[in-house]
Structures are given as structure tokens and as C-alpha cells.
Amino acid sequence: MPNEYIKDFPILQKPMNGKSLVYLDNGATTQKPLSVIQAVDDYYTTFNANPHRGAYDLSVKATEIYEGARETVQKFIGAANSYEVIFTKNATESLNLLAYSYGMNFIESGDEIVISIAEHHSNLVPWQQVAKAKGATLKYIYLDSVGRITQQEIDAKITDKTKIVAVTQVSNVLGIINPIADIVKKAHSVGAIVIVDGAQSVPHFKVDVQALDIDFLVFSGHKMLSPMGIGVLYGKEALLDKMPPFLCGGDMIDYVWEQETTFAPLPAKFEAGTQNVGGAAGLAAAIEYIGKIGFDKIEAIEADLIQYAIPKLKALPYITLYGSDDLSVKTGVIAFNVADIHPHDVSTILDADGVAIRAGHHCAHPLMQYLGVNATCRASLYFYNTREDVDKLIDSLSRVRGVLGYGS
Amino acid sequence: MPNEYIKDFPILQKPMNGKSLVYLDNGATTQKPLSVIQAVDDYYTTFNANPHRGAYDLSVKATEIYEGARETVQKFIGAANSYEVIFTKNATESLNLLAYSYGMNFIESGDEIVISIAEHHSNLVPWQQVAKAKGATLKYIYLDSVGRITQQEIDAKITDKTKIVAVTQVSNVLGIINPIADIVKKAHSVGAIVIVDGAQSVPHFKVDVQALDIDFLVFSGHKMLSPMGIGVLYGKEALLDKMPPFLCGGDMIDYVWEQETTFAPLPAKFEAGTQNVGGAAGLAAAIEYIGKIGFDKIEAIEADLIQYAIPKLKALPYITLYGSDDLSVKTGVIAFNVADIHPHDVSTILDADGVAIRAGHHCAHPLMQYLGVNATCRASLYFYNTREDVDKLIDSLSRVRGVLGYGS
Amino acid sequence: MDLSGVYTEMIAEHNKSGRNKKHLVEPTIVLKGRNPSCGDEISLELKVCNGVIEDAAFTGIGCAISQASTSMMIDLIRGQNVEKAQEFIDTFLGMIKREITDDDDLEILDEAIALKNISNMPARVKCAVLSWHTLESAIKDEK
Amino acid sequence: MDLSGVYTEMIAEHNKSGRNKKHLVEPTIVLKGRNPSCGDEISLELKVCNGVIEDAAFTGIGCAISQASTSMMIDLIRGQNVEKAQEFIDTFLGMIKREITDDDDLEILDEAIALKNISNMPARVKCAVLSWHTLESAIKDEK
Ligand SMILES: Cc1ncc(COP(=O)(O)O)c(C=O)c1O
Ligand SMILES: Cc1ncc(COP(=O)(O)O)c(C=O)c1O
């Protein structure tokens, strides 16, 4: 099936190991369309200056680009106000900002922080640190046998002691979509706030922060077509307002004296130092590109690919798939193992065919321990992938055991 | 005088307000040569992947580019080991990393932190916060009448109680070069560590961390030709080793269990989450570009421009210059005011002539208070500026008072 | 950008004259307005009796645009009641935000129409509106 | 990349056979080697008497390259004294770092020469050297 988007991605036109690149590591980072690369170039070749700091024309243009990007993000995630959108360098920084500024200040001894066992280390280690520093308890929501969070677990783990629930909307290993609305309902009923890790969801389907009534949302630009070095923290105004600053320095202050400082209002309060304007321009262009395709289309393409891939993978007797394949709770992330073969060898052998997948723990050690595996392979799709890519994956996989001297 | 570098900078070829751009706000951010823009493009069109995480070819290439950039920085600043170079998003993050990870852990009640009154807010507000949180004292080194730090002040302010001396190598307002070697000598003699803010020095002359024996150095890529969103923290191995991590998440861990984590060795320990590989590629290209010109040449050009500019500015009776104009302690940053005219008006009027300077407090409120001014104008040069740029500055300045109805 | 459309004679004149830059003898309201990003600070003094602004003046530092804007505002509101002052504020802010563009609607602003072009200069908008926001806060409780 | 130069028959054979993958009856040294970024873990068991490695074996998980590399290493060092074992280590690490490239110098590595091509695969180098670094730590105190 021809894919009309491939032509927009320069890297997908270039051969890898002599073969055309089958890029199936979109969960790690996506490729960038020309329009994004061009938007960054345009910024540096035409408008580059330090925003907010200059009264001259170029600096005003840089400010417009930067604040325009903030409004683009606002609309994209349905935030009520543009100043509820804070730019960071990636989802990890966004989560650490929350751990330092919210966690370290509003969590007390005896409080409980609830996360899921499927969290990426970036939404796990910061909360371990907060729990340790504050004498709080870090509690885990476990998964059912096919990787889903059940209402029972939600009710069991979120209690009157819970102050923060931090959970990923889509598991970066299993691709399972978590029931955020149910979690928010329960969390708010006990007065806890909800932090949603949207790193694997925001690039793939519409996430509306007001419709979900979530308190914070984090995501990374580089997993949704934009350059590296730009990420987002969304937060409700009332919460962001009561949080102290995280990074201190230029542009986040109102007045500084030798021994005292007053801080600027949102969003500047959380954006110390010179920001990544080129990155913000890239993110805005990425959101525009996604908007032109439309999430309906993106979801349809990804659903078609999973529906095509899963039966083919299941037909290979030596493949073990992890997690539910029920399309109503699954995105285009597929975790699997090949019998007798270590995931790193699988990845190396596929690489020789130009097929890029990921192998390892996917920054989710506790989930690996929970699944009882040391590592897995992971193929993660995006809308520029095709059925042909899936065919090549299957084809290459079917040769893996032979390469290492096993019968099939 | 023709300048052979202008042709490398696309933005300097484009008109601004119908005139060719005279960009004199290099202290805020510099423009980018084509080779830097191209290096970032090449990364995204040919090698983009998440480094460190994949066993496939593209990811290996991304890792090589990223780690190669680290080695380029290492050589550039004369560090002993490449893992002593930590990538951050800007100098501000580097300083906050130090404040959180070093300051919050090794400063105790009664200790003293010494900074200069000329610090940028980014090297000031974080230390205020540490001093407050820890019950330590924040002490200021003041300047002599022409903006210099004297040995007397160094000896008076750095005492047995001093644990951290954090000082800028070049003032971003006055352009004065501080006596880092003398400060290091005194600080080390009392057992204090020295943090050097190299944001305004590293782009302009050779800074060798081992020769200066400094403990930490921070700087921003965007002030030295590279894209925004990439900065550096250099630290001596022994110090970085004993510091706990700052940001937690993916890639900075060895093992994670539900309630415990062990951390990766340097430099990964301080680089949580997906890093800005494109930015690192840009920074490496910027360092290569600077290397091709050579600091001898860069310093010579800047010295020529200041020597040319200062007498011309002094010849205008309504101009007040701030700080020494002794070339042996001065870089191409010139702070001044025009009698009766607010700096913002000066900047707007110059902007109409295509001359971009900065007006305001330059993120240095305490210095403004110390100088007894509300704001100043600042022209800051780089090697792509020319005597013609200076002429246009002077020319435009000589019209400012007239525009606002004052005689000259 | 056409400088003469920004730094008009009228603005230069108001900035230089300092006619309204002084202390009042017995102000009933004194309110500081600040623009942290510029470092500009004005202190607005009003003498309000029975809902009428009998006199007004200001002190403080700022660029020509903020000084002139403040001075023009004071000329406008002196002798007016607070409702009228609010009308001036709404019209002026509307002009700067480009929500009110019709010259007829702006006419009441008199000399302050000279600041219309500031709406094209995002970096300077804050300078022009500082005193008007300060006035708005100052008279809030008088209505 | 030519896969057949990496996953040679010999490597496949060592990986599959599990010949050296077991516990020793009375090991004198047991040392864990870890590769956090891969999640690989091996436990190396040695029986060293009077400076001679009388027997060796390993347990643990890892990719074919690390398993084969460990198994080949064990074949090489079994019955050798620790000085000779160190020579194997130096030669093997030299080969992987491409510091030793001459086939004559590598000859002592016997079957382990099959891992030479790993030096072209930066992402897999760690897998190949894990057991060798573990061995080096294990015998440090025996010399
Ligand atoms: C001396 C000095 N230190 C620190 C900074 C902060 O740099 P950045 O804004 O890139 O974090 C600057 C520049 O703004 C500076 O001039
Ligand atoms: C679910 C999830 N959360 C957080 C992250 C961290 O994102 P980043 O590395 O861009 O900070 C990732 C990606 O690595 C992820 O998949």
C-alpha cells in the first residue's frame, strides 16, 4: 500500500545497510519531515535572536515565534490558557520539574504517591526520590494478565492517603492505553492530583487536557516529529501558580536584589535562561504537520498496521507477544521475544536487513521484572510505516533463528 | 574593512527594516553559520535516532555523533576526560544542576558562598536559594570604580568559611575579564571550590579548565554559534563523582527496582532522558568553525573593533560608558547610556536603522543597583562584526537625541 | 518601521516637558505601577473627591513612550469623573490591542491617539499601557 | 554489515551448546559481571589452585555474543596459569579495541578470533568483553 507521507521524510529516502530503511523504533524517537527541518532552518537563517530580551525587530520576531509555538501547543492539547504550557527540554525534565517543585513541596511524611508498574524510568525514579526524601510511600498499580490497569487496582491503590497519581497514558513497552478517565475520577475523589505521562500518547491520538480533567501532562517533541531538545509541561494554572520555581536564573524573575528575588508570573516563572526557540519552532511545525494529516487518519493507519502485523507475528510459532492485542486499548507498540534468541541478537540480525527495532529493557526495569523477562524486542509504528515495512519485519524475523543455528 | 566570515552567516545577508542587519547583540545570542545549520540538518536527514538505546546502525551513528561532540568539547576546553563534559540545555541549567546537586548537598548552615556583584541572574538566584535553604551566607565581591575585581576584595571576601566561589569570567554587562586565576588560588587555599560562568568568555577566547585549575565551568552553545537548547557543564571527575544525580529518568540509571535505583557512571548519571543530539552536532560544528578561524584571529578582530569604537563613543559628549576600557581586561561588550534618553528608546531608534543592540538590565539587577542605574544600552560584538558596523552604530546613536527633541 | 510615526513631536514634547511629573499636595490615592521586564516604575498620584479626579500627577522612571503616555493620560483625566476615566482606559487599551481601530471611536483620546502606532511594536506595548493599568487599579474602589 | 562474519558457526555453536554453562563443584572464586545497559549478567566460577585455573564455568543470561565469548574464554583459560590468562585478556581486549590487528598476534586466542568482527559493531562491543573484564577482576588478587 503506498504511503503518501514517506516523501516528506528525507531520512526514509536514504538506504540503510544498502536497503531502504524500515524504521520501527518510533517509540524511542520519530523521524522528522522536511517541513519541520525547514522551520528550524528558517528560524536560524531569518529570525534568530534572544526572545523577550530585546526591543529590536529580530528579537520581537523571535518572541513571536516562541510565543506562537506556545499557543500552537495550547490548542493542540486543549489547554485553557497558553501560559499553562511550559517549555522544557524533554518529558524527563518536565517530570523532574514536577518532582522537585510539586513533589518536594507538597508531599509529606505518610503521604502516598501512586504510579503504575509500567512506568518509564522517567516517571518512576523521580517519584522514588521524592518518596525517600519526604518519608512518603511509593505504591504501584499492577497490571492484569494482558497488561491492563483494572478498576479494582485503581480502587485498591488510590486511597485517602494518595496525594499524587503519576501514570503513563500509553505504555512504551506494551502499547496499552491506560484508563486515564477512571484514574482521574478516583484520584480527584480522594483529593489527589493526576500527572499524565503523554510521551507515547500525544503523538498518536488526540489528548485533550480539559476533557480528561488531568492536572499535569508531559510529553517530548522528538517523539512527535520535532527536533530533540524541546518538551512540554502542561499544568492547571492554580497548581502551577502555587508551585515554587524549579530552575532559577535569567527571565524567570521580576526583581532581584542581593539577598531577595521575586519571581515572574507564568509561564516565565518556569522557563529560566535562554529557551530553545528553534526547537519550539520545530515543535509548532510538527503539530501543524500532524494537524494536516489529522489524528483520524493517523489512528486509522496505525490500526491497519497492527491488525496486519499481529496475526502474522502470531503465525510464527517461536514468537511470544506481550500484552493485550485488543485494538481498543492498544497503539502501534509491539513487544515480543523470539524463542532461544536474545533480543539484542534479534535487533542486530534485523538491522542487517535494514529493519530498525529496539531491544532491551526500554527504560522500564520494574515492568520487565513484573513480566518476568530480562529484555524484549519492541517494534513501534508511526503513520509513515507501511504494510511493506511489516512484511519486511516478518521476513527478517523468520530468518533470525536460522542465523544462530536453531531450526524454525 | 571587508570581513571574510559574513558570507558564512545566512542571516547577515538579509535586510532588516530594509537595511542590512547590524547585529550587535551577541552577548544575548550569536548568529549561526551555514556549517552549523547544515550539521543539524545532516543529523536529522541522515542519522537521526535515539542514541545509546538501540543496537541498530542508525542508533549507533547517533551515539557516535553525540559522543563525538562530547570529545570535541573536551578538547575545546582542555578537559582531562570526555566524561567530565555533561550536556545540558543551557548555562542556566548547568548552574542549577550545580546548585541542586552540589550546593544543596555540600553546603551547611554557617557556610559562605561567594559570588560577584556582576553576576548574571543565572549565577546568582540559584545561590540565593541554596543559601536560604541551607542557612548559609551569600557574600558579594564588589567592583572597583571601573568594574574590576581587586585582589583586596578577593582576600576580604573569600575566607575559611567559604565553600563555593561562583563567578563569571566575563561580565555580560561591562565586558570586564575577571582575574579567575587569582580567585582560584585564594579559593583553593581555603578549601573552596570554584565555579566559573563562561557564558561570555568561552565564545571569545581560549578557556583551558586544567590550566586555570577550575572545578566547574558552564557555558551555552547558542552564544557561540550553535543552536539553542544545548549547553555544557564541565566538572572535575572527583567532584562530579561524589555529587548525587540532578534529573532522574531514562539513561542515567544502572538498575531500577520498585523501591531502589542504582545510578550510571559519568557522564550518563547527569544526562536523564533523551538528549539533544541535533544540538550537540551543532555545537561540535560550531567549535570546528571557531577552530578554523582560531581564537588569535577572533581576539584580534574584536580588539580592533573595540579600539575603533571606544574613542568614537567617547567623542559623543552625551554618551556615558560603563566600566574600564583597558583592552587587557575587556572584551567586545560595551555598556553605555545616552543622556536624557531611556535605553529602550535608544534601542528602538537604532532598530529603525537596522542596528540591533540590547537595552535593559541584562539579567543583572544587582549590578544595575550597584552602578546606580535603572538600565543601560549594550552593544556586544563578535568576529563577524566590522568597523562599518561600528560606524553605523555611531551614526545612528548621533541621531537618537534629535528624534526625541533634544539638542545634541 | 517609520520612527516619525512613533516618536512624534507630541510624544517628544510630553516626555520632555515634565509638566505632569511632580507630587500632588494632598493626593487621596498613590499607586505604584511596575514593568519588571523593562525596569520601568511610575508612581501615580490622584486626588479624587466625590468620584471626580480633581488632580493627577506622577513620578518615576521609564522610557519616552511610558512617560509621554502617562502625561497624556493625566491631561485627559484631570477634572473627569471615574466613569469617564474608565472609558478613556477602555478606549486606550482597545486602541493598543487593535480592538478599536475606527478613528471616530478613538477621538476622545485626543493627543493620546499619537500612541496608536505603538500597537505595531510588540516590544513597546508594555511601556504604553503601564500607567493606564495603574490608573485602572487605582480607581477600582472609587466606582 | 555481513551477518555471517558476526554470527559465525562457531559462535552459534558455543552459544547453543551450553558446554561451559554450569556450576563448578568447589569454585574458589565466584564473580558476577554485569552490563547494565543490556541487562546482561554472568556469574563466572573459577577453581584456582597455586596460580593455575584448574577449572572454569559460568551461569547467567546474555546475548549470543556474550554467551559465546564467555564460553570460548573458558575453553582458553582452563588449565592455564593466571599470567597466561592475563595475556589472553590483554590480547582479546586489544583485538576488540583494534589495538592488536595482526593475525599472528591474535593466534593465541584460537576460536575467540571469531569475535574479531565485533570491533566493527560499537553497540555490541560491551557484550563481547563482559566476561573478559569479569575474569580480569577475578584473578587480580591471584597474581
Ligand atoms: C554571564 C552569563 N551567564 C549566564 C547566562 C545564561 O545563559 P543562558 O541564558 O544561555 O542559560 C548568560 C546569558 O544570558 C550570561 O551572559
Ligand atoms: C512513556 C515514556 N515516558 C517518558 C519518556 C521520556 O522521554 P524523554 O527521553 O524524551 O525525556 C519516554 C521515552 O523515552 C517514554 O516512552
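Heavy-atom basis, side chains included; hydrogens, waters and symmetry copies ignored. Note on naming: letters A, B, ... go to the chains in the order of the sequence lines (proteins, then strands), and numbering restarts at 1 for each one. What you see is a predicted model, and the numbers here were worked out from it, not measured in a lab.
Contacts between A:D254 and chain B at a heavy-atom distance below 4.5 Å involve the backbone alone (N, CA, C, O). Residue contact with chain A, scored on non-hydrogen atoms closer than 4.5 Å, involves the side chain of B:Q129 exclusively. Both the backbone and the side chain of B:L247 come within less than 4.5 Å of a heavy atom of chain A. At a 4.5 Å heavy-atom cutoff, the contact between B:Y44 and chain A is made by backbone and side-chain atoms alike. Looking at B:Y23, only its side chain comes within 4.5 Å of chain A, counting heavy atoms on both sides. Using a 4.5 Å cut-off between heavy atoms, B:I117 touches chain A through its side chain atoms alone. Interface residue B:I253: only side-chain heavy atoms are found under 4.5 Å from chain A. No part of A:S220 comes within reach of chain B, as not one of its non-hydrogen atoms sits under 4.5 angstrom from that chain.
With contacts defined as side-chain heavy-atom distances shorter than 4.5 Å, the pair A:H365/B:W257 does not qualify. At a threshold of 4.5 Å between non-hydrogen side-chain atoms, the residues B:N276 and A:K89 do not count as touching.
Residue B:S122 comes nearest to A:G250 through the heavy atom pair OG-N, 3.0 Å, listed as atom of the first residue, atom of the second, then distance. Counting all heavy atoms, side chain and backbone alike, B:L21 lies closest to A:L58 at CD2-CD2, 3.8 Å. Residues A:N90 and B:T274 approach most closely at ND2-O, 2.9 Å, considering heavy atoms. In plain terms, the two heavy atoms of B:C248 and A:T92 that are nearest each other are O-CG2, 3.5 Å. A:N48 and B:I11 get closest at one heavy-atom pair: N-CD1, 3.5 Å. The two atoms that bring B:Y56 and A:D25 nearest to each other are OH-OD2, 2.6 Å, heavy atoms only.
For the atom pair CG of B:N50 and CZ of A:R358, the computed distance is 6.5 Å after rounding to the nearest 0.5 Å. Rounding to the nearest 0.5 angstrom, the gap separating the CE atom in A:M252 from the NE2 atom in B:H121 is 10.5 Å.
The candidate from B:H222, B:Q259, B:H344 with the greatest count of non-hydrogen atom pairs under 4.5 Å with chain A is B:Q259. The candidate with the highest count of non-hydrogen atom pairs below 4.5 Å against chain A, out of B:P227, B:A99, B:A91, B:G360, is B:P227. Per-residue heavy-atom pair counts under 4.5 Å with chain A were compared for B:A272, B:G231, B:G278, and the maximum is reached by B:A272.
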Go through the steps to decide whether A:Y255 and B:H361 satisfy the test side chain to side chain contact (heavy atoms under 4.5 Å, CB included), and finish with yes or no. CA-CA 10 Å; A:Y255 296 98; B:H361 52 65; over 6 Å; no
Side chain to side chain contact (heavy atoms under 4.5 Å, CB included) assessment of B:E258 paired with A:Q128: CA-CA 8 Å; B:E258 288 189 26; A:Q128 263 188 8; 5.7 Å; no
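Between A:F246 and B:Y100, the angle of the ring planes lies from 30° to 60°, which puts this pair in the tilted group.
A salt bridge between B:K132 and A:E260 is present, with a side-chain N of the basic residue lying under 4.0 Å from a carboxylate O of the acidic one.
Judged by distance alone, with hydrogens and angles left aside, the side-chain atoms of B:Q369 form a donor-acceptor pair with the main-chain N or O of A:V256 at under 3.5 Å.
Listed in order of number, the residues of residues 31-39 of chain A that approach chain B to under 4.5 Å between heavy atoms are A:Q31, A:K32, A:I37.
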